[in-house]
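Take a look at the structure set out below.
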Amino acid sequence: MKILVTGGLGYLGSHVVVDLLKNSFSVVIIDNLINSDISSLDCITNISNKNLVFEKLDLTKEKQVEEFFNRNSDIEGVIHFAALKSVRESIKYPLKYYHNNVTGMILLLEYMPKGIPFVFSSSCTVYGAVENNPIDENTPYGNPQSPYAHTKQICEIIMNSKFKSEVNFKGISLRYFNPIGAHPSGLIGENPKNKPENLVPYLTQVVSGRREELTVFGNDYLTIDGTCIRDYIHVMDLADSHIAAINHLNNLKSKKYLDDFNIGTGKGISVIQLIKMFEESTGKKVQYKIGKRRPGDLEVAYANTKKTEKILGWKSKYTLDEALQSAWNWELNHQ
Ligand code: WQD
């Protein structure tokens, strides 16, 4: 089965591509390399020992998208990662995010072959600030905390409209919580082009000496130790959830289908608890100080994973210890 992976050279996309190849899918990657590196292609082939096709392509350019699908009408499924994903940057450059993330989604849905499985890389940020945790998929869209989160809501709504307007649209949105870690080979991992925004890559760069000190953004939240609680999921588990989603869509009896699923561990831990776990897992000390709260941060966010387990037959397998060790291994191999 030939799967198109948009953004397939990025952090999440590259791990899903490796998993697809391991599961004997053939893969075509399109990526505009705005937040990924062409060197990831060799890493993917080194890990999987399989060939795959790569094309540099900007999903916001209609002519490029139309021409690509004219040449690739044999695509049998799509997993769509290609999007800008920095919460903070989206607040600074909202139109860039709406243009890139929404236009790309529209053109992809317009020109991809009809009736093939479509898996969308969505986010728990579609829920906004939620009182009740764990968060389940019936939770309505909240007030988006950033244009990034809003683009994810808009893309899910576009999928819903396409589902209603066509006789054979089959789509799944996977709402990721906090992906962390890296492939055990240490060849692919989270490699932000600029200063990492997210906790784990920043932490590993502090421990490796690439950055001075980690600032913990606030310890005055109403949590066990005052720091925010999140659901950190190993990227290898996250990759497996995409195989489960594609297989689920392939095995459908109905011609049309739309659903959304949380991708998390179902467990929440605080920033300080993660730091302590990292120190225990690696034997390394993390230099950190307590700073001010970061605007837009949610106090608590972790997943209710029952629906995903029941319908997709998927649940996370890796431990936080394994995820953090793999993140450290990536930093050691990559820096
Ligand atoms: C986690 C915690 C920070 C950096 C991310 C993605 C978002 C979505 C959900 C997919 C928070 C604290 C962080 C630092 C810190 N995923 N922190 N010091 O904000 O939950 O969102 O996961 O769509 O796209 O951005 O993740 O790793 O930035 O923060 O104290 O230097 O770590 O305050 O409590 P977040 P994060």
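Order of appearance sets the numbers: ligands from 1, and atoms from 1 within every ligand. In what follows, residues are counted from 1 in the order of the sequence shown. Predicted model, so just to flag it, every value in this text is computed and none were measured.
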Sidechain N-carboxylate O distance under 4.0 Å for [X], [Y]:
X: Glu67; Y: Arg71; value: yes
X: Lys267; Y: Asp231; value: no
X: Glu279; Y: Lys285; value: yes

_Sub-4.0 Å heavy-atom approach of Tyr221 to ligand 1_ = no
Sub-3.5 Å N/O-N/O distance, [X] and ligand 1:
X: Tyr176; answer: no
X: Phe217; answer: yes
X: Val200; answer: no
X: Ser122; answer: no
X: Ser123; answer: yes
X: Cys228; answer: no

*Counting heavy atoms only, which of Thr125, Leu203, Thr215 comes nearest to atom 8 (C) of ligand 1?*
Thr125
_Closest to atom 35 (P) of ligand 1 among Leu298, Ile229, Asp231, Asn178 (heavy-atom distance)_ = Asn178
*Search all heavy atoms of Ile135 against all heavy atoms of Asn133 and return the closest pair with its distance.*
CG1-OD1, 3.2 Å
*Would Phe169 end up clustered with Leu108 when hydrophobic side chains under 4.5 Å apart are linked, directly or stepwise?*
yes
*Evaluate the ring planes of Tyr176 and His242, with Trp represented by its six-membered ring, and classify them as parallel (under 30°), tilted (30 to 60°) or perpendicular (over 60°).*
tilted
